[in-house]
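Shown next, in structure tokens, is the structure this report addresses.
Heavy atoms only: backbone and side chains are in, while hydrogens, waters and symmetry mates are out. Index from 1, following the sequence. Small disclaimer: the values here were computed from a predicted structure and weren't measured.
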Amino acid sequence: MTAVLGISAYYHDSAAALIVDGTIAAAAQEERFSRIRQDAGFPTQAIAYCLREAGLDLRDVSCLAYYEKPLRKFERLLETYLEFAPAGFASFRRAMSVWLPGKLNLRRTLRRELAIGRHPPIVFTEHHCAHAASAFYPSPFEEAAILTMDGAGEWATAAMGVGRGNTVALTSEQHFPHSLGLLYSAVTAYCGFEVNGGEYKLMGLAAHGEPTFVATILDHLIDLRPDGSLRIDLQYFDFAVGHRMTSHRFHRLFGGPPREPQAPIEQRHSDLAASIQQVTEIAVMNAARHLHHRTGLPNLCLAGGVALNGVANGWLLREGPFERIWIQPAAGDAGGAIGAAMFAWHRLRGEPRRVRQPDAQSGSRLGPAWSRQSVMATLDAVGAVYTVIEDEAELCRQVAQAISQGLIVGWFEGRMEFGPRALGGRSLLADPRDTAIAERLNRDVKRREAFRPFAPIVLAEHADDWFDGLRGREAPYMQFVLPVRRDGIPAVTHVDRSARVQTVDQHRAPKLHKLLEAFHQQTGCPLLLNTSFNVRDEPIVCTPADAWRCFRTTEIDLLVLEHCIVRRADQPTIAADATAPPR
């Protein structure tokens, strides 16, 4: 047995992944354990979980793989500041206070954090090699074109290449500061949302606007080329060396200063969101068509933060040149932990690759699970009143009936998902046919912006009937926004008649599939509304205790923890508890 531990840390979405004999044994983000959203610190708890899941300790690990090369990143930092000097000195000083004590000699930092000596060896992959490896190696393809796009790695902001067998080879790169990801993040910040966390909000807002600024963006901000590469006019931006994403010139161009986070959203913000979304879709499509022309391959693998843009992905699926597309579910930096470990296993160790079907990601259910005994112990400790239903079919029948009656269900089952999407392991579920339920879910549970849509989960065998673009293909990781074909599911249909679809099959999610079947049998509707089990600005729940806290302090009606059902109406102290803020 040989184990490789992959680590992503010190920027955002720190994570760990463990590869055992070429199989992803475990992967998790640190935020789920620390309860600090997008935790950037060392993933101590995530590493401990991964080793525990595999029954190993650090002495059993043959190699540590880190998801980027810190010295090359430091080189980019220094060269960028020198190019713009003396501008940005304050930002440079802040950066040095972080880099010099720990990031510059990251090998020493990692050994100190893990309390290990010279063994195991530590290897550092290129950032975009880690992304590419995370996209190709778990995919169901023997060979595929690979496209990665994000804000920035060391120097690269996008890369193209090919994966064959156990080899990933990147053949071209786009370099900092010319970055589609940074461009999208700059507009995200300008519209009042958080960089590296609010881009999905901008994508949701885009459907409420008109792309009236597309020409302005293309005339002033970027030179977008047919191969998907671009050049940014840095006069309009401050991200290279400053503390802001956009400059005063940008603000004048779009009618005012950046929106404050709690300020009203104006129509120009919605229109700018629609415009940058359209430009992003054009850039992604251009890159994909160029890559297809170069490789002639029918399959495409995607990773990097831009690969989380479901609207662009949906257009690429429907109108692009590739027959099949596979996207790493944890496409952002967290997925770099899987990529680094798999790159070390296949490329650096030379181990062969066995292509798995439907893929090697295991439904992205790579996080911890809890036994029935531990669930019951948690519920007993907090004095919860609950019912245990041994028969899974009966449990699903009762939960489906509750959903059809308008109840909001917290669904906690099996291993936790790896990546930003709730895929049925830690989900809130509701009736997709009722807009009032969606409004109550946004207002009383999620406590988030009203413009943001909810996603549908659908029985895979019925997906083609409801959504356009799948053509018999699957979408198990909620990564494609597609047109809705039929009426009747307004709670999961966005204002532009689109939805971010997750197809559910028996192989990846048997219990969730059984629940959907029960709902379909009772109502004739093979879909449910699905959203992440958390409140605004908190990580998705990880433990039964996290789920109980979220249930207790919101208006969730029914909590399902494995085979235990907790009904809000049965809890004697829930009314008093509901006034307490969530942790």
Side-chain angles (χ1 to χ4, degrees), residues 139-141 144 203 207 281 284-285 288 292 298-302 307-329 357-359 361 363-364 396 400 403-404 421-424 427 429-434 438 453-531:
S139 80
F141 309 136
M203 187 177 69
E281 292 167 27
V284 171
M285 183 66 80
H292 183 263
N299 304 318
L300 174 67
C301 295
L302 292 173
L308 292 172
N309 192 303
V311 178
N313 296 342
W315 190 41
L316 188 58
L317 185 73
R318 299 192 319 275
E319 305 295 337
F322 290 96
E323 295 174 16
R324 297 177 68 194
I325 299 173
W326 196 87
I327 305 171
Q328 167 55 235
Q357 301 296 335
D359 58 43
Q361 191 79 14
S364 221
C396 290
I403 293 173
S404 71
R421 312 295 187 210
L423 303 171
S427 288
L429 304 175
D431 193 332
R433 303 168 300 168
D434 188 353
F454 290 110
I457 54 174
V458 58
L459 288 169
E461 54 268 34
H462 290 276
D464 279 341
D465 298 335
W466 290 85
F467 304 100
D468 183 36
L470 290 172
R471 299 192 298 274
R473 296 175 291 194
E474 59 182 8
Y477 299 119
M478 203 189 293
Q479 292 164 314
F480 300 103
V481 174
L482 301 172
V484 177
R485 280 181 166 170
R486 296 167 59 172
D487 295 328
I489 49 170
V492 294
T493 303
H494 204 18
V495 293
D496 59 354
R497 286 194 58 79
S498 71
R500 192 176 70 214
V501 182
Q502 178 192 349
T503 58
V504 178
D505 59 78
Q506 289 179 311
H507 177 80
R508 293 184 181 92
K511 190 172 181 179
L512 187 64
H513 189 271
K514 192 172 291 185
L515 175 63
L516 277 164
E517 285 186 319
F519 189 78
H520 184 214
Q521 185 177 20
Q522 293 175 22
T523 67
C525 178
L527 302 94
L528 287 172
L529 180 156
N530 173 39
T531 189

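The CG atom of Asp431 lies 7.0 Å from the OG atom of Ser404; values are rounded to the nearest 0.5 Å. Interatomic distance, CZ of Phe454 versus OG1 of Thr493, reported as 13.0 Å (0.5 Å rounding).
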One pair to check against salt bridge (charged side-chain N to carboxylate O under 4.0 Å, His left out): Asp487 and Arg497. What are the steps and the verdict? CA-CA 9 Å; Asp487 295 328; Arg497 286 194 58 79; 3.1 Å; yes
Go through the steps for Asp359 and Ser139 under the test side-chain hydrogen bond (donor to acceptor under 3.5 Å, both in side chains), then give the verdict. CA-CA 5 Å; Asp359 58 43; Ser139 80; over 6 Å; no
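Residue Arg318 comes nearest to Val481 through the heavy atom pair NH1-O, 3.7 Å, listed as atom of the first residue, atom of the second, then distance. The two residues Ala455 and Val492 make their nearest non-hydrogen contact at O-CG1, 3.6 Å. Heavy atoms only, all atoms of each residue included: Pro456 and Leu527 are closest at CB-CD2, 3.9 Å.
At least one side-chain heavy atom of Met285 sits less than 4.5 Å from a side-chain heavy atom of Trp315. Counting heavy atoms from C-beta outward, Pro432 and Phe519 have side chains that approach closer than 4.5 Å. You'll find the side chain of Arg500 stays beyond 4.5 Å of the side chain of His494, heavy atoms only. Side-chain contact between Arg508 and Gln361 is absent, with no heavy atoms from C-beta onward closer than 4.5 Å. Using a 4.5 Å cut-off on side-chain heavy atoms (C-beta onward), Leu516 and Ile457 make contact.
Under the rule for a ring-ring contact (aromatic ring centres under 6.0 Å, His included), His507 has no partner lying at least two apart in sequence or in another chain. A search for side-chain hydrogen bond (donor to acceptor under 3.5 Å, both in side chains) contacts involving Arg485 returns Asp468, not counting sequence neighbours. Among residues two or more places apart in sequence or in another chain, the salt bridge (charged side-chain N to carboxylate O under 4.0 Å, His left out) test is passed with Arg473 by none. Among residues two or more places apart in sequence or in another chain, the side-chain contact (heavy atoms from CB on, under 4.5 Å) test is passed with His513 by Leu459, Glu461, Val504, Gln506, Glu517. Listed by chain and residue number, nothing satisfies the side-chain contact (heavy atoms from CB on, under 4.5 Å) test with Pro510 (two or more places apart in sequence, or in another chain). Scanning for side-chain hydrogen bond (donor to acceptor under 3.5 Å, both in side chains) contacts around Trp466 gives an empty result, with sequence neighbours left out.
Glu474 places no side-chain N or O within 3.5 Å of a backbone atom of Gln502 that could act as its donor or acceptor partner. Here the side chain of Thr523 pairs a donor or acceptor atom with the backbone of Cys525 at under 3.5 angstrom. Side-chain N or O atoms of Tyr477 include none that pairs as donor or acceptor with a backbone N or O of Gln328 at under 3.5 Å.
For Gln521, the CD atom sits in a loose shell: 12 or fewer heavy atoms of surrounding residues, nucleotides or ligands are nearer than 6.0 Å.
Donor-acceptor pairing under 3.5 Å is lacking for the side chains of Trp326 and Asn299.
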